[in-house]
Amino acid sequence: MSTKPATASTDLSVLPEDNTAYGTKEYWQQRYMQEEAVTFDWFKTYKDLKPLLSKHIDSKDVRILMLGCGNSTLSSDMYDDGYQNIINVDYSDVVINQMRERTLHQPGMTWEVMDVRALALGDGSVDVAIDKGTLDALMCDKGDVWEPSAEMCDNVGREVNEVNRVLAAGGKFIWITFGQPHFRRRHLERPSWELQIERLNDGGFDYFMYIASKK
């Protein structure tokens, strides 16, 4: 176990030549082996997201599921801010082992190797599920954004359906993405929840927070 603190990734060599690689387990396994002592946050950090997360998460005692956690700082930062019941899942055993060792000082968090499209969790067992970039990785497709491939829609649908299954009544699925509503909303629509959208803009690029509240 390394005692060196993790630093933010700046290594451009880990970027794939083809963006569809973001949707493959093999790419992430190799990348995390190269990035053993670094962190990487897609889109926004907890500092940026805190106002909206606080607005939509009613209590710090809720059980939170972090979908495709990777080596993001989001879970650790939320833990330090009082959200201390967090289960982190990723299909890369490499990053799960790294993060488990890196957060031994945060005993309320658990780290499990798990595919977000086939969650080994009970029905209605979590209060809040957060996705920051994982669905976007599954959406890296060669097809037209207006007419995505059947394979991509199936992969995305499987994650969303699994989240719907494990969310308790009154629970919330929160997705942070750069994807605009006219491309993304259709993938989230389910009769079992109500969907609202928040826009994040600090004077630059638009990001969006989709909040699906289960009935």
Side-chain angles (χ1 to χ4, degrees), residues 6-45 65-76 86-103 110-121 126 129-166 173-180 183-188 205 207-208 210 212:
T7 57
S9 175
T10 57
D11 184 2
L12 297 181
S13 71
V14 300
L15 301 180
E17 294 182 4
D18 181 348
N19 281 349
T20 61
Y22 284 126
T24 68
K25 180 178 178 180
E26 292 74 20
Y27 167 74
W28 292 108
Q29 289 282 74
Q30 182 61 39
R31 175 165 173 168
Y32 292 134
M33 284 190 282
Q34 291 178 244
E35 293 189 320
E36 184 177 359
V38 301
T39 63
F40 185 82
D41 272 287
W42 294 95
F43 312 142
K44 294 289 184 179
T45 64
L65 171 64
M66 201 66 69
L67 296 151
C69 59
N71 54 13
S72 167
T73 61
L74 181 60
S75 292
S76 288
I86 304 175
I87 176 170
N88 302 275
V89 302
D90 200 291
Y91 61 10
S92 169
D93 61 314
V94 174
V95 80
I96 288 295
N97 289 332
Q98 289 172 355
M99 297 303 290
R100 187 181 288 132
E101 290 190 351
R102 197 178 290 175
T103 58
T110 58
W111 301 88
E112 302 292 341
V113 179
M114 208 177 294
D115 191 321
V116 296
R117 297 163 294 187
L119 295 167
L121 298 170
V126 300
I130 299 176
D131 181 308
K132 185 164 74 79
T134 301
L135 274 173
D136 296 275
L138 293 178
M139 289 181 174
C140 288
D141 184 58
K142 290 185 181 294
D144 186 335
V145 292
W146 292 102
E147 295 184 10
S149 71
E151 180 182 7
M152 190 218 80
C153 291
D154 178 66
N155 274 321
V156 170
R158 286 165 62 196
E159 177 184 342
V160 175
N161 289 338
E162 278 292 88
V163 172
N164 191 13
R165 179 183 66 79
V166 303
F173 175 32
I174 297 173
W175 177 23
I176 299 103
T177 175
F178 64 85
Q180 298 180 7
F183 293 123
R184 297 295 201 249
R185 185 183 187 112
R186 57 181 161 173
H187 296 290
L188 292 183
F205 197 77
Y207 294 92
F208 299 89
Y210 296 78

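Numbering of residues begins at 1 and proceeds along the displayed sequence.
Residues forming a side chain to side chain donor-acceptor pair (under 3.5 Å) with W28 (at least two apart in sequence, or on another chain): none. Not counting sequence neighbours, the partners of R165 by the side chain to side chain donor-acceptor pair (under 3.5 Å) test are D123, E162. Residues satisfying the side chain to side chain donor-acceptor pair (under 3.5 Å) test with Q180, not counting sequence neighbours, are H182.
Taking every heavy atom of both residues into account, G70 and M99 meet most closely at O-CG, 3.5 Å. Closest of all the heavy-atom pairs between F43 and T177 is CE1-CA, 3.8 Å. Of all the heavy atoms in M114 and A120, the pair that sits closest is SD-N, 3.2 Å.
Annotation: side chain of V156 is in contact with side chain of M152 (closest heavy-atom distance under 4.5 Å). Between L135 and V116, the closest side-chain pair of non-hydrogen atoms is not below 4.5 Å. Using a 4.5 Å heavy-atom threshold, the side chains of E26 and Q30 count as separate. Inter-residue side-chain proximity for L119 and L65 is flagged as met; some heavy-atom pair is nearer than 4.5 Å. Contact of the I87 side chain with the L121 side chain is registered, since non-hydrogen atoms from C-beta on lie closer than 4.5 Å. Counting heavy atoms from C-beta outward, R184 and M139 have side chains that approach closer than 4.5 Å. Taking 4.5 Å as the limit, every side-chain heavy atom of L74 sits out of range of all side-chain heavy atoms of C69. Contact of the L67 side chain with the F173 side chain is registered, since non-hydrogen atoms from C-beta on lie closer than 4.5 Å.
Between I86 atom CD1 and W111 atom CH2 the span is 8.0 Å, to the nearest 0.5 Å. For the atom pair CZ of F178 and CG of D136, the computed distance is 5.0 Å after rounding to the nearest 0.5 Å. Taken from SG in C153 to CD in E147, the straight-line distance is 10.5 Å, to the nearest 0.5 Å. The OH atom of Y32 lies 13.0 Å from the CG atom of N97; values are rounded to the nearest 0.5 Å.
Side chain to side chain, T39 and N71 fail the donor-acceptor criterion of an N or O pair below 3.5 Å. Side-chain contact, R158 with N161: no donor N or O sits under 3.5 Å from an acceptor N or O.
Applying the side chain to side chain donor-acceptor pair (under 3.5 Å) test between S92 and each of R31, Q29, Q98 identifies Q29 as the sole match.
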Test salt bridge (Lys or Arg N to Asp or Glu O under 4.0 Å) applied to D115 and K25, step by step: CA-CA 10 Å; D115 191 321; K25 180 178 178 180; over 6 Å; no
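Y210 and F208 have tilted rings, their planes meeting at an angle from 30° to 60° on a 0 to 90° scale.
Under the 3.5 Å distance criterion, the side-chain polar atoms of S76 are left unmatched by any main-chain donor or acceptor of T73.
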